[in-house]
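Here is the structure we will look at.
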Protein chains: 2
Amino acid sequence: MPILGRRDHIIEVAIRLFCEHGFHATGVDRIMREAKVSKKTLYNHFRSKDELILAALQQHDSVFRNNFVKDVEHLANTPKDQLIAIFDAAEKWFSDQNFFGCMFVNVVGEYSDPTSPMRDVSRNFKQMILRYIVSLCVKAGAKDPEKLANELALLFEGAIVTAQISGSPVSAGTAKNIAKQLLAASLAEKARE
Amino acid sequence: MPILGRRDHIIEVAIRLFCEHGFHATGVDRIMREAKVSKKTLYNHFRSKDELILAALQQHDSVFRNNFVKDVEHLANTPKDQLIAIFDAAEKWFSDQNFFGCMFVNVVGEYSDPTSPMRDVSRNFKQMILRYIVSLCVKAGAKDPEKLANELALLFEGAIVTAQISGSPVSAGTAKNIAKQLLAASLAEKARE
DNA sequence: GCTAAAGGAAACAGATCGGTTTACTTAACT
DNA sequence: AGTTAAGTAAACCGATCTGTTTCCTTTAGC
């Protein structure tokens, strides 16, 4: 296996284990065993477990972003419809056998120090999602795009956690329903100007 | 210290540490050290760490429920206003120095086995919150109380996680704003009958 | 074909994990 | 006053944790 592929493979395995079992509960021994890689190789690519955690979070950030945006764009064509399609993509995500909630929410539950780099990555991820929703709100012609985007992001967050705890994807539909109302109200207000 | 007081004291310390640092990261040594209790005493009251975790979750369940309902009832008098006051109580909660998100969300991030007793406790907690909101919706005269309650519970969840990650309590206001719209719409639909 | 980097397996280190046991002390009840 | 239950501090257990090191094999480039 090529060198860069090996590093990515370790990260991929680590993401899966961190998502399913958490960060403190996942030891490096298990990661190297499941990645079929020696401990020396693992520590050759990552200086510490914390660095591997950070690399996993950053990788998951970009992979999730790409997949999610792609999903939304395949599910709807106009910005207005895409704002709603966010929750269809969410439902698909929640229905996956390997859905264990949001990795960035889970990591924040294990590292509470606000100066921790893990929390930085989590905050950045959520801000990235928010910026994406803001851009759709602007293109859709919302009255107050920032406000609407914050509301939709909060709905998204609520749907994720509710699905994680209940074990059911129906929360996506609940959130979608509210989103439709908020979007319609925002567009109507704009039209009334 | 009386015997029952000692057990409760251990649980109280455990709850604080589990909330701040997570479950796997908090060792029994640290709990006994901060509770100023010997290891023998701790294992005399709890057969294992898992049993202590469960006891902590159950205790937090009832304490949180009592405090939260009391807060809501002090903040508003009518069921309709109390449904909105949920988010004022939430803002107060988020502003606390010792706010580390919802203990039941955090525990689910560390124990993914759906048959785990920790997840049972979490599901039960969220259902208890939902039933409370349903009862308020019924008393408020909502058109579809179950539906509205599910929506408000999802908003509540979203506000909690958003506050936890962002470190700001403003998400409570965002959720409150949406809640007002949903409640008004539900009551208006009912009146139109 | 030789050199050098990289990987694998496994031993090792020191700390910490959950949990048990021992020896001694405290406090309460008849 | 003497018994008993419950406490403490600390040693101890085996397992596991993150991280390092050793020794040997593979592989790739010149």
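Note on naming: letters A, B, ... go to the chains in the order of the sequence lines (proteins, then strands), and numbering restarts at 1 for each one.
Between the CZ atom of A:Phe46 and the P atom of D:dT18 there is a distance of 15 Å, rounded to whole Å. A straight line from OH of A:Tyr43 to P of D:dC17 spans 11 Å, rounded to a whole angstrom. Remark: P of D:dC17 and CG of A:Leu42 are 14 Å apart, rounded to the nearest angstrom.
Annotation: side-chain hydrogen bond (donor to acceptor under 3.5 Å, both in side chains) contacts of A:Thr174 (sequence neighbours excluded): none. For the side-chain hydrogen bond (donor to acceptor under 3.5 Å, both in side chains) test, no residue two or more places apart in sequence or in another chain qualifies with B:Lys143. Applying the salt bridge (charged side-chain N to carboxylate O under 4.0 Å, His left out) rule to B:Arg131 yields no partners; only residues at least two apart in sequence or on another chain are considered.
Here the side chain of B:Glu110 pairs a donor or acceptor atom with the backbone of B:Phe23 at under 3.5 angstrom. Using modelled atom types, no side-chain atom of A:Lys126 and backbone atom of A:Val105 make a donor-acceptor pair closer than 3.5 Å.
Between B:Thr41 and D:dA6, a side-chain N or O to OP1/OP2 separation shorter than 4.0 Å is absent. Contact annotation: B:His45 reaches the phosphate of D:dG7 (side-chain N/O to OP1 or OP2, under 4.0 Å). When the side-chain nitrogen and oxygen atoms of B:Arg47 are compared with OP1 and OP2 of C:dT20, none of them lie within a distance under 4.0 Å.
Counting only residues at least two apart or on different chains, the side-chain hydrogen bond (donor to acceptor under 3.5 Å, both in side chains) pairs with a member in residues 51-62 of chain B are B:Arg47-B:Glu51. Within the structure, no pair that satisfies the ring pair (Phe, Tyr, Trp, His ring centres under 6.0 Å) test touches residues 163-189 of chain B, not counting sequence neighbours. Annotation: side-chain hydrogen bond (donor to acceptor under 3.5 Å, both in side chains) contacts involving residues 85-98 of chain B, sequence neighbours excluded, comprise B:Asp71-B:Lys92, B:Asp88-B:Lys176.
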Which atom pairs link the protein and nucleotides 23-29 of chain D when you take only N or O atoms and keep those under 3.5 Å?
none

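A heavy atom lying under 4.0 Å from DNA chain C marks the following residues of residues 20-36 of chain B, by number: B:Thr26, B:Gly27, B:Val28. A heavy atom lying under 4.0 Å from DNA chain C marks the following residues of residues 49-60 of chain B, by number: B:Lys49.
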Side chains of residues 177-185 of chain B: which donor-acceptor pairs under 3.5 Å do they make with residues two or more places apart or in other chains?
none

Identify each donor-acceptor pair in which a side-chain atom of residues 114-121 of chain A lies under 3.5 Å from a protein atom, sequence neighbours left out, and give them as a table.
{"residue": "A:Thr115", "atom": "OG1", "partner": "A:Asp113", "partner atom": "OD1", "Å": "3.0"}
{"residue": "A:Thr115", "atom": "OG1", "partner": "A:Asp113", "partner atom": "OD2", "Å": "3.0"}
{"residue": "A:Ser116", "atom": "OG", "partner": "A:Met118", "partner atom": "N", "Å": "3.1"}
{"residue": "A:Arg119", "atom": "NH1", "partner": "A:Tyr111", "partner atom": "O", "Å": "3.2"}
{"residue": "A:Arg119", "atom": "NH1", "partner": "A:Ser112", "partner atom": "O", "Å": "3.3"}
{"residue": "A:Arg119", "atom": "NH2", "partner": "B:Gln164", "partner atom": "O", "Å": "2.7"}
{"residue": "A:Asp120", "atom": "OD1", "partner": "A:Arg123", "partner atom": "NH2", "Å": "2.6"}

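Distances were taken from every side-chain heavy atom of A:Asn44 (C-beta onward) to each of C:dG7, D:dT8, D:dG19; the shortest belongs to C:dG7. Nearest nucleotide to the B:Ser48 side chain, out of C:dG19, D:dT20, C:dG7: C:dG19.
For D:dG19, the base has a donor-acceptor partner in the side chain of A:Lys39 [N/O atoms by modelled type, under 3.5 angstrom].
Other residues sharing the hydrophobic cluster of A:Val138, ordered by chain and number and joined by side-chain separations under 4.5 Å: A:Leu130, A:Val134.
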